[in-house]
Colleague: 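Okay, handing you the structure first.
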Amino acid sequence: MNLVLHVWRQKNAQDKGKMVRYDAKGVSPDMSFLEMLDVVNEELIAKGEDPIAFDHDCREGICGMCGVVINGLAHGGHVGTTTCQLHMRHFSDGDEIYIEPWRAKAFPVIKDLVVDRGAFDRIIQAGGYISVATGNAPDGNAIPVPKPSSDLAMDAAACIGCGACVAACPNGAAALFTSAKISHLGLLPQGQAERFRRVVDMVQQMDTEGFGNCTNHRECEAACPKQISTDFIARMNRDYIRGSLSRRPDKVGGGDG
Amino acid sequence: MFQVLDFYKTANGKKVVMAITGLIGFGFVLIHMLGNLQVFVGQEKLDDYAKLLKSSMPILWGARLTLIGAVVLHVVASWQLAGQSEDARPVPYQKKLQKRKSTFASHSMRWTGPLLLMFIIYHLLHFTIGWKTLNLPFIEGAVYSNVVNGFKLWPVAAFYILCMLALSQHLYHGIWSLFQTLGVNHPRYNGLIRAVAALGTAVVVIGNISIPVAILAGYIK
Ligand code: HEM
Ligand code: FES
């Protein structure tokens, strides 16, 4: 099939950028979306033009690198699907496809469709550490974890940090990502020691990075390729209130560590 | 030291303020509506109720200041939060984001809110203060006749009804949203929370709208 692509082209972070039209000819329905872009790029390179820069790594939906907004839908809008897992059979001959990078102040465009998601790393860093003993591997059953907690924690830990939640949010908020990271530790016994300090620090970092704030549209939940629930956002809010109410002043002094 | 101001500084803290003041607002509009339904019983009943409300100045002003404080906090926080979210996406999408789970109600919060603020001011000028410039029938303390004569004018009644439709959208999203903001969420009760939002909204809005409609229809004279 033949497609018309409108792709965001931007040389670097300073460039203003604009949409550029490309024809994608002879696209096979068995290709993934990224393979389709690879073919377009082959042609561009052959013509001596700058290929379209897009992020990708695993191409199997686990690394979270490949996010782009396709026709106003993060990752193309199929349930539980990242862009690399999106197949061209979902499109038909003659379709016009708009491809844009994640749009958020906290995710500056590096080039074309590639954005810097370092803000997510800094939110995780703000959470700090969890207190686990190092040394020999602990005995498997030394710490009992209730099954419902481990299930929920795993649901939250499924987050691959792709940023689709921010991209799809009308407010550009990072609440779903942050709440997933807070919850997967906060639900487990190993995460209890710093649970309430961690939630406050990560929530503060979320604002510092320049994300918007959640008004419960729930577009993030619809866009999340790992189908993470906005129930985790409520859990974050609950822990944030508790964490703020119970916060003790930081002591500065020898031995306080 | 983590204090109240640190709490308010974060968007999450402001949202908690929105939720608590919004809940106060919801409680108020519900009770206010139930009180006003006494207009259906008759002139004496409603005017007596108005006198009762004004019988204790400390209680009256305590309630008024609480409500005004709640509205001010709610408006200021919403303004700051909306500004933060506006700034969060300086370069817009060329192709608009498609809507999947968001609703008309959730998207319209940003203008149903300001419309309600205008409404609150107009409403106070109309029935509480009796501002002359509005040129509406108003006699201090004669609540029943003020209501009936006010709503006999169809543009006034229409504006009230329009604002109540805006309130329906604001409450339907807001009541559900405030539970989420306060962290009240559990698979066992989530359905119930949706039901409370829908039912609470329907009761307040239908109750309020019934009054101008009954007056326009000549059922209340
Ligand atoms: C009748 C009076 C009002 C009631 C009962 C009310 C109620 C509520 C409730 C319950 C929420 C949900 C809070 C949350 O998500 O946690 C809310 C949100 C909101 N309100 Fe109001 N409100 C009223 C008036 C106003 C006014 C006068 C404004 C602005 C001028 C306003 C602007 C907003 C905005 C923008 C939101 C969305 C904020 C967000 O979701 O983060 N509201 N309101
Ligand atoms: S490339 Fe790894 S998730 Fe798509």
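These numbers were taken from a predicted model, which means no experiment stands behind them.
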Colleague: Using heavy-atom distances under 4.5 Å, tell me whether B:Lys99 contacts chain A through its side chain, its backbone, both, or neither.
Modeller: both
Colleague: How many angstroms lie between atom CD1 of B:Ile129 and atom CZ of B:Phe127, to the nearest 0.5 angstrom?
Modeller: 13.0 Å
Colleague: Among A:His6, A:Arg238, A:Arg103, which residue forms the greatest number of heavy-atom pairs with chain B at distances under 4.5 Å?
Modeller: A:Arg103
Colleague: Are the side chains of A:Phe91 and A:Val27 in touch, meaning some heavy atoms are under 4.5 Å apart?
Modeller: no
Colleague: Looking at A:Lys105 and B:Asp87, is there a salt bridge between them, counting it only when a charged N and a carboxylate O are closer than 4.0 Å?
Modeller: no
Colleague: Using a 4.5 angstrom heavy-atom cutoff, name the option from A:Cys220, A:Ala167, A:Gly172 with the most pairs to chain B.
Modeller: A:Ala167
Colleague: Count the heavy atoms belonging to other residues, nucleotides or ligands that lie under 6.0 Å from CG of B:Leu52, then report whether that count exceeds 12.
Modeller: yes
Colleague: Is there a side-chain contact between B:Lys54 and B:Tyr49 (heavy atoms, below 4.5 Å)?
Modeller: no
Colleague: Which region of A:Ser229, side chain (C-beta onward) or backbone (N, CA, C, O), has a non-hydrogen atom less than 4.5 Å from a non-hydrogen atom of chain B, or is it both or neither?
Modeller: neither
Colleague: Chain A heavy atoms under 4.5 Å from B:Lys96: which part of the residue, side chain, backbone, both or neither?
Modeller: backbone
Colleague: Taking every heavy-atom pair that is under 4.5 Å apart, which of A:Ile233, A:Asn237, A:Asn216 has the most such pairs with chain B?
Modeller: A:Asn216
Colleague: Side chain, backbone, both or neither: which part of A:Ala223 has a non-hydrogen atom closer than 4.5 Å to chain B?
Modeller: both
Colleague: Counting only non-hydrogen atoms closer than 4.5 Å, does A:Phe211 touch chain B with its backbone (N, CA, C, O), its side chain (CB onward), both, or neither?
Modeller: backbone
Colleague: Of the backbone (N, CA, C, O) and the side chain (C-beta and beyond), which part of B:Val16 lies under 4.5 Å from a heavy atom of chain A, both, or neither?
Modeller: side chain
Colleague: Determine, step by step, whether B:Glu86 and B:Arg110 satisfy the salt bridge (charged side-chain N to carboxylate O under 4.0 Å, His left out) criterion, reporting the C-alpha distance in whole Å, the side-chain angles of both residues, the deciding distance to 0.1 Å, and the verdict.
Modeller: CA-CA 11 Å; B:Glu86 287 292 312; B:Arg110 299 257 174 91; 3.6 Å; yes
Colleague: Side chain from CB out, backbone as N, CA, C, O: work out which of these in B:Thr181 comes under 4.5 Å of a heavy atom of chain A, or both, or neither.
Modeller: both
Colleague: With a 4.5 angstrom heavy-atom cut-off, is it the side chain or the backbone of B:His107 that approaches chain A, or both, or neither?
Modeller: both
Colleague: Of the listed residues (A:Pro170, A:Ala106, A:Ala173), which shares the most heavy-atom pairs with chain B below a 4.5 Å separation?
Modeller: A:Pro170
Colleague: So which of B:Lys15, B:Lys9, B:Lys95, B:Met18 has the biggest tally of heavy-atom pairs under 4.5 Å with chain A?
Modeller: B:Lys95
Colleague: Is A:Glu209 close to A:Phe120 at the side-chain level, that is, under 4.5 Å between some pair of heavy atoms?
Modeller: no
Colleague: Are A:Thr230 and B:Gln180 packed together at the side-chain level, in the sense that at least one heavy-atom pair is separated by less than 4.5 angstrom?
Modeller: yes
Colleague: For this output row, return yes or no: ring centroids of B:Phe138 and B:His126 closer than 6.0 angstrom.
Modeller: no
